[in-house]
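Notes follow the structure.
Along the sequence shown, the residues carry numbers beginning at 1.
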Amino acid sequence: MRTLYINIKELLQVREENINKVSGKNMKVLPTIKNAYLLIEDDIIKDFGATEDAPKETIDKVIDASGKIILPSWCDSHTHLVYAGNREQEFVDRINGLTYEEIANKGGGILNSAKTLQETSEEDLYEQSKKRLDTIIKSGTGAIEIKSGYGLTAEAELKMLKVIERLKQNYPIAIKSTFLGAHAVPKEYKTDKDAYVKKIIEEILPQVANAKLAEYIDVFCEDGYFSVADMEAILKAADLFDLKPKVHVNQFNAIGGIKAAVANNALSVDHLEVMKDEDIEALKNTDTMPVGLPLCSYFLSIPYAPARKMIDSGLPFAIATDYNPGSSPSGNMNLVVATACIKMRITPEEAINAATINGAYAMGLSDTHGSITKGKKANLIITKEIPSYGYLPYDFGNSNIEEVVLDGITVS
């Protein structure tokens, strides 16, 4: 099936060469073609250019995209989309003055979600999760990472990862799975965290790896959760199973997790709301992608990752939703892009780069996703008739997506 889009007002994120990420001042550069054509063949981008140069050979379907902008689908590199129930009561508790840490200390937070998930069947968990996945696909996401971490027992963690595997099998969207057994310390290990770390390393991790249910490993490295030493022990054990790190660091405190993550060849370090100069220095000239999660900051009313400072320091930067029931109950990447511009002071060009090509990198998907490049997946967002791509974050309260194409097929 050959589909040709013509008269595209502007085709965004056009990359002749398949670069895998952009950094520093290059993040301000968003290559585009105005009055463009785009040819897709089945699920692959075949060609693009000025409309006047559009191919004349037989095409199965020609679509006039006058007044519309086409860009690659969003790449959401950090989510907890597979969870059970919700935590709306904690939302009310925060409005009434409790902090995220206070809620966690009284049995809420991650432990609350873990209890609910442990009591939920795999089938029910799958049904809840696929509804969320349907929604985010229709809002323009074409690749996603999903973590476990709300199980905190071998049985429940494996249940989560099996649900992620079922989603992979049943949906055309690219899905990457991450084992996050070290998300919180279960109640029964409250006075013996070392025993839980040992259980992760010696019991749960081998089961996950042997079942081939995860591609990445994650640890919540933070005061009150897991120390840098805990993280390093888990990452070294995971390396024996070829699980690459994508870790939570610097959400509330800077405790040295970034330097340790880089030393352990982390693909990404995520959150980064609290950054010291030495953390930024540790990331320079590395293969580790810094990932900001602006909706978490928005929802919890905590500081935003200093994206402007990181980019101005020459670093690459990606953004993701952190979709989860407690601190970011939204998988809307359009809102992520807008919030990054409004609150992190990055430009629309930087935000789109962060949500596409750099997001793909943070999931190991640079070869297939994140840009309009020949040979990459035909995962596209087609906007309504809008003035410019800057209008997308400007008009933050409304959807400006008219159509979503996933693997060459229109889904909305």
Side-chain angles (χ1 to χ4, degrees), residues 2-19 21-22 25-41 44-55 59 61-75 138-143 318-319 332-338 340-342 346-360 369-406 408 410-412:
R2 288 163 61 86
T3 303
L4 177 66
Y5 294 87
I6 59 172
N7 301 320
I8 303 165
K9 179 173 183 174
E10 195 162 8
L11 184 62
L12 305 189
Q13 194 58 282
V14 177
R15 304 279 177 177
E16 291 284 355
E17 295 182 4
N18 188 18
I19 63 172
K21 62 180 177 179
V22 289
K25 63 182 181 181
N26 290 326
M27 287 197 65
K28 285 186 169 70
V29 180
L30 184 65
T32 75
I33 302 174
K34 294 185 178 180
N35 190 23
Y37 79 87
L38 175 64
L39 176 64
I40 63 176
E41 189 171 300
I44 298 296
I45 295 170
K46 191 71 174 176
D47 203 1
F48 50 80
T51 289
E52 61 193 43
D53 298 323
I59 301 295
K61 189 175 184 181
V62 178
I63 299 172
D64 189 335
S66 295
K68 300 169 186 176
I69 292 171
I70 295 182
L71 65 155
S73 294
W74 307 126
C75 296
K138 290 173 183 176
S139 69
T141 297
I319 50 178
N332 189 337
M333 281 293 290
N334 304 285
L335 184 56
V336 169
V337 169
C341 292
I342 296 165
I346 66 176
T347 67
E349 293 84 358
E350 290 169 330
I352 291 170
N353 276 323
T356 55
I357 194 167
N358 283 1
H369 294 72
S371 67
I372 303 296
T373 301
K374 294 175 187 177
K376 284 196 174 185
K377 285 286 188 180
N379 288 3
L380 311 168
I381 292 171
I382 303 168
T383 73
K384 299 173 183 176
E385 293 189 24
I386 58 175
S388 70
Y389 59 77
Y391 193 79
L392 294 172
Y394 165 77
D395 193 35
F396 71 94
N398 299 300
S399 172
N400 285 289
I401 296 176
E402 181 170 281
E403 188 174 291
V404 172
V405 176
L406 188 61
T410 300
V411 294
S412 65

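- In this structure, OG in Ser73 is found 12.0 Å from NZ in Lys377, a value given to the nearest 0.5 Å.
- Put simply, the side chain of Tyr37 reaches to within 4.5 Å of the side chain of Pro55, judged on heavy atoms.
- Side-chain contact check for Lys376 versus Asn18: some heavy-atom pair is nearer than 4.5 Å.
- When the options Ile319, Ile342, Asn332, Thr356 are evaluated for a side-chain contact (heavy atoms from CB on, under 4.5 Å) with Val337, the one that passes is Ile319.
- In this structure, the side chain of Asn334 does not engage the main chain of Leu392 through any donor-acceptor pair within 3.5 Å.
- Looking at heavy atoms from C-beta onward, Val29 lies out of side-chain contact with Glu349 at the 4.5 angstrom threshold.
- A salt bridge links Glu41 with Arg2: the closest approach of a Lys/Arg side-chain nitrogen to an acidic carboxylate oxygen falls below 4.0 angstrom.
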(message) Using salt bridge (Lys or Arg N to Asp or Glu O under 4.0 Å), reason through Lys384 and Glu402 one step at a time and then give a plain yes or no.
(response) CA-CA 5 Å; Lys384 299 173 183 176; Glu402 181 170 281; over 6 Å; no
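- With rounding to the nearest 0.5 Å, the separation of CG in Leu335 from OG in Ser139 is 10.0 Å.
- The side-chain contact (heavy atoms from CB on, under 4.5 Å) test with Tyr5 singles out one residue from Asp64, Leu39, Val62, Ile382, and that residue is Ile382.
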(message) Let's go through Lys68 and Lys9 carefully: what are the C-alpha distance in whole Å and the side-chain angles of both, what is the deciding distance for side-chain contact (heavy atoms from CB on, under 4.5 Å) to 0.1 Å, and is it a yes or a no?
(response) CA-CA 5 Å; Lys68 300 169 186 176; Lys9 179 173 183 174; 5.6 Å; no
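- The shortest heavy-atom contact between Ala351 and Cys341 is CB-SG, 3.7 Å.
- Pairing each heavy atom of Ala360 with each of Cys75, the nearest pair is N-CB, 3.5 Å.
- Side-chain contact between Ile357 and Val22 is present, with at least one heavy-atom pair separated by less than 4.5 Å.
- Counting heavy atoms from C-beta outward, Asn358 and Met27 have side chains that approach closer than 4.5 Å.
- Residue Lys34 qualifies as open at atom NZ: its count of foreign heavy atoms under 6.0 Å is 12 or below.
- Rounding to the nearest 0.5 Å gives a distance of 11.5 Å between CD1 of Ile401 and CG of Leu380.
- The backbone N or O of Thr3 sits nowhere less than 3.5 Å from a side-chain atom of Lys46 that would complete a donor-acceptor pair.
- With Glu10 as reference, Thr32 is the one residue of Ile70, Ile33, Leu71, Thr32 to meet the side-chain contact (heavy atoms from CB on, under 4.5 Å) rule.
- Side-chain atoms of Thr51 come within 3.5 Å of backbone N or O of Ala36 as a donor-acceptor pair.
- Rounding to the nearest 0.5 Å places CZ of Arg15 at 13.0 Å from CD1 of Ile45.
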(message) Before you tell me yes or no, could you show the steps for Asn353 and Gln13 under side-chain contact (heavy atoms from CB on, under 4.5 Å), namely the whole-Å CA-CA distance, both residues' side-chain angles and the distance that decides it to 0.1 Å?
(response) CA-CA 8 Å; Asn353 276 323; Gln13 194 58 282; 2.7 Å; yes
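- The structure places OG of Ser66 at 8.0 Å from CG of Asn35, a figure rounded to the nearest 0.5 Å.
- For the pair Thr383 (side chain) and Ile69 (backbone), a donor-acceptor distance under 3.5 Å is present.
- Nearest heavy atom pair, residue Val14 against residue Leu11, reads CG2-O, 3.4 Å.
- Here CG of Asp47 is found 8.5 Å from CG of Leu38. Values are rounded to the nearest 0.5 Å.
- The backbone N or O of Ala318 sits nowhere less than 3.5 Å from a side-chain atom of Lys21 that would complete a donor-acceptor pair.
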